[in-house]
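Structure first, then comments.
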Amino acid sequence: MTDPIYTPVLIVGGGPVGFALALDLAWRNCHSTLIERDPGTATQLLAKANGLDERTLEHLRRWKLVERVEEVGFPPDHPGDTVYATSLNGFYIGRSHMPSARERRTPEFTPQKRQRCPQYEFDPLLANAVKERRLTNILYSSVFERLEQDESGVTATISNAETGELSSIRADYLVACDGAGSRIRQQLGIPFVGKMLDFSLSAMIRIPHLELKPPMSGGERYILIGRSGAWAVFTSVDGRHIWRITVVGSQDRLDASTYDIGADIRRALGSDDIPFEVLRLIPWRRSQCNAASYRSGRVLLAGDAAHTMSPTGGHGMNTGIGDVSDLGWMLEALASRWGGEGLLDAYDIERRPIGLRNARSSTANYEVWVQNGDYENVFTAGATGDACRKRIADFFVKSLHSEWNSTGVALGYRYEGSPIIIADGTPPTPDDPSDYIQTARPGHRAPHAWLSDGRSTLDLFGREFVLLCFSRDVDVARIEGAAFDLRVPLKTTQIDDSGIATLYERKLVLVRPDGHVAWRADQVPDDCHALLNTVRGAKVIPH
Ligand SMILES: Cc1cc2nc3c(=O)[nH]c(=O)nc-3n(C[C@H](O)[C@H](O)[C@H](O)COP(=O)(O)OP(=O)(O)OC[C@H]3O[C@@H](n4cnc5c(N)ncnc54)[C@H](O)[C@@H]3O)c2cc1C
């Protein structure tokens with residue numbers, strides 16, 4: 001084996017989470033190396049994530065990628081309704097209305113609305129953005145084999161997927177973004193705690209001609225209901241000809257080589273005569289698991305390597321992108337030597353509860369899907385059948401409201417009890433999956449408001465700590481002086497807008513590079529060095 005190559009951060013896994021981390025680091029002018037076992041990105045049609053939530057869009061706004069997502073994403077005029085039906089050619093049961101991307105108003109609490117963008121478009125989009133920044137060494141066909149770590153770094157052994165040749169990479173930090181089956185998590189012996197929900201299958205399908213008439217038309221997804229309840233979801237992936245069918249799974253592992261997905265597709269279409277082509281069939285396991293720790297020494301876990309959740313809600317990838325948005329600035333702070341080791345403990349303390357929270361919310365949605373109910377007359381014509389279908393529609397529309405409206409999950413997470421956040425004793429806002437209440441309470445995402453120059457307050461955050469100052473009476477020189485002494489990048493921004501001042505509630509609000517509030521008060525503290533030492537993780541916390 002040749003001498004190891006050196007990199008400050010080694011990212012293992014080139015899925016959306018690995019590339020999002022590489023991008024965030026590159027955006028912060030940090031070098032990294034990303035290894036991926038496949039020969040390229042999205043080399044096969046991924047039958048996975050479709051939805052980017054508001055928080056992911058806010059990160060994409062920072063990385064200047066929103067327009068690219070809009071270009072490759074879903075047609076802006078395609079309705080977003082979820083239709084409940086026995087099949088696409090069968091009994092219509094009801095619908096949850098959701099306007100098209102064009103009709104949907106951007107909520108007042110964010111500059112970005114959620115977007116549909118299939119993962120087979122999103123992953124290459126991220127990968128290309130990383131390549132353009134030229135700070136990431138991307139090594140495809142490179143398989144992580146094992147690691148060893150000591151006090152000063154991590155050495156990873158890599159094999160070439162084609163030749164089997166071994167090499168090694170030495171890194172200050174290694175981030176495992178290697179998916180749900182994470183070899184790294186297993187090698188470190190970190191328990192993956194939770195429960196198995198079912199075994200499922202998803203197929204990507206091309207249907208050249210599918211004409212649906214009202215009331216069946218206009219769905220972005222169709223939840224298909226039979227006598228034993230919801231059995232599949234049929235989703236438009238590109239708003240045109242590509243669809244995905246996902247079967248609500250079974251307790252037994254499904255064997256893709258023998259499974260008759262064609263029969264399911266014909267059952268979903270309600271017809272044997274509509275031509276279709278199965279592009280890809282993927283068996284997968286639905287589970288709700290969370291790593292017992294997101295950190296082991298200099299190794300961090302992120303994305304599906306750290307947590308799995310049912311796709312009911314579309315939170316898996318979004319949560320992973322949230323992980324690395326927390327981690328990116330911390331790794332940069334450590335690389336630039338203004339951050340302390342306490343940041344890495346904080347990463348675990350901040351993100352692990354969020355993995356758990358989002359997974360619980362996803363399972364709650366899944367439980368609605370598989371709930372026993374009275375479906376006996378779902379195929380019966382006439383008044384008896386109509387009454388049954390109305391009951392089913394009412395149940396699903398009400399119970400799945402938080403699956404289709406999950407802004408609270410996307411934006412309302414908060415870093416309670418973090419050692420690098422200074423709590424101010426105010427009570428938390430309710431943590432509701434659908435309703436989001438903006439607050440500048442420490443630990444929460446700093447609120448969005450439009451500034452007089454047309455920017456969002458969120459556009460102020462990202463590269464450094466930002467001290468928002470809503471009063472001309474406070475002298476922040478001592479905080480700025482402490483930041484200078486400790487080499488903490490800090491920018492003070494004066495905002496003379498009473499509406500935004502009311503939203504932020506204090507005269508001084510310190511926002512971290514990831515856009516979360518670290519501290520707020522009406523006065524400069526006595527010990528400004530202590531304040532900054534806390535938020536930069538300089539206090540060493542035993543692990
Ligand atoms: C049907 C379905 C629908 C979904 N819908 C949504 C949705 O709408 N919204 C949402 O947010 N999420 C959704 N998800 C979840 C989402 O797809 C995952 O959460 C996301 O892909 C996780 O990204 P990741 O980068 O952490 O892991 P992965 O996407 O699994 O990527 C891991 C990468 O690591 C590589 N790798 C693994 N082992 C090694 C190794 N030893 N060496 C080198 N490379 C390695 C793999 O090849 C892979 O490229 C859905 C999932 C499914 C199954």
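Ligands are counted one by one from 1 in listed order, and the atoms in each one are counted from 1 as well. Here the structure is a predicted model, which means the values were calculated and not measured.
- Checking E162 against S141 by side-chain atom types alone, a donor-acceptor pair falls below 3.5 Å.
- Under 3.5 Å, the side chains of S182 and D178 contain a donor-acceptor pair of N or O atoms.
- Between R295 and D345, at least one side-chain nitrogen of the basic residue sits less than 4.0 Å from a carboxylate oxygen of the acidic one, meeting the salt-bridge criterion.
- Distances from atom 19 (O) of ligand 1 to the heavy atoms of T308, T246, D304 put D304 nearest.
- Under the 4.0 angstrom criterion for non-hydrogen atoms, R244 is in contact with ligand 1.
- For the residues E36, K48, R183, the heavy atom positioned nearest atom 46 (C) of ligand 1 is part of E36.
- Ranked by closest heavy atom to atom 27 (O) of ligand 1, the top entry among A410, G15, G179, A161 is G179.
- For R170 and Y6, the positive end is not near the middle of the six-membered ring at less than 6.0 Å and at most 45° from its axis.
- At a 4.0 Å heavy-atom cut-off, ligand 1 touches A49 through backbone and side chain alike.
- The shortest contact between atom 34 (O) of ligand 1 and any protein heavy atom is with G13 CA, 3.2 Å.
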- Task: Apply the test side-chain contact (heavy atoms from CB on, under 4.5 Å) to residues D323 and Y347: give CA-CA distance (whole Å), side-chain angles for both, the deciding distance (0.1 Å), then the verdict.
- Result: CA-CA 8 Å; D323 296 338; Y347 169 68; 3.5 Å; yes
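- At most 12 heavy atoms of other shown residues, nucleotides or ligands fall within 6.0 angstrom of atom CZ in R253.
- Listed by atom number, the atoms of ligand 1 under 4.0 Å from G303 heavy atoms are 26 (O).
- Of the residues listed (R286, Q288, K195), the one engaging T363 in a side chain to side chain donor-acceptor pair (under 3.5 Å) is Q288, and it is the only one.
- The shortest N or O to N or O distance between G314 and ligand 1 is below 3.5 Å.
- Residue-ligand proximity, S202 to ligand 1, at heavy-atom distances under 4.0 Å covers atoms 1 (C).
- Less than 4.0 angstrom separates some heavy atom of V17 from each of these atoms of ligand 1: 23 (O), 24 (P), 25 (O), 26 (O).
- A distance-only check finds a donor-acceptor pair linking the side chain of D81 to the backbone of M98 [under 3.5 Å].
- Near N50, meaning under 4.0 Å from one of its heavy atoms, ligand 1 places the atoms 7 (C), 8 (O).
- Contacts with ligand 1 closer than 4.0 Å are made by heavy atoms of both the backbone and the side chain of F144.
- In this structure, E403 does not pair ionically with R221, as no charged nitrogen and carboxylate oxygen lie closer than 4.0 Å.
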- Query: Could you go step by step and tell me if Y120 and K48 meet the side-chain contact (heavy atoms from CB on, under 4.5 Å) rule?
  - Reply: CA-CA 8 Å; Y120 63 79; K48 294 168 100 183; over 6 Å; no
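- Within the listing of ligand 1, atoms 1 (C), 53 (C) sit less than 4.0 angstrom from a heavy atom of W284.
- Considering backbone and side-chain N/O atoms, V12 never comes within less than 3.5 Å of an N/O atom of ligand 1.
- If you check which protein heavy atom lies closest to atom 44 (N) of ligand 1, you get R37 N, 3.2 Å.
- Distance check, rounded to the nearest 0.5 Å: CZ of R55 to OG1 of T407 gives 13.5 Å.
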- Message: Go through it in stages, so that I can follow the logic: the residues are Q149 and L174, the test is side-chain contact (heavy atoms from CB on, under 4.5 Å), and I'd like the CA-CA distance, side-chain angles, deciding distance and then a yes or no.
- Response: CA-CA 10 Å; Q149 59 174 323; L174 183 151; over 6 Å; no
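- At a 4.0 Å heavy-atom cut-off, ligand 1 touches C177 through the backbone alone.
- Annotation: V143 places no N or O atom under 3.5 Å from an N or O atom of ligand 1; distance criterion only.
- The aromatic rings of W404 and W369 lie perpendicular to each other, with more than 60° between the two planes, well past the 30° mark.
- Close approach to Q119 involves these atoms of ligand 1, each under 4.0 Å from a residue heavy atom: 16 (C), 17 (O), 21 (O).
- Taking OH from Y222 and OG1 from T235, the interatomic distance works out to 10.5 Å, rounded to the nearest 0.5 Å.
- The protein non-hydrogen atom at the shortest distance from atom 52 (C) of ligand 1 is P311 CG, 3.8 Å.
- The shell of residues lying under 4.0 angstrom from ligand 1, judged by heavy atoms, includes S142.
- The ligand atoms of ligand 1 that sit less than 4.0 angstrom from a heavy atom of P16 are 21 (O), 23 (O), 25 (O), 29 (O).
- When only non-hydrogen protein atoms are considered, atom 15 (C) of ligand 1 lies nearest to M317 N, 4.0 Å.
- At a 3.5 angstrom cut-off on N or O pairs, G51 counts as close to ligand 1.
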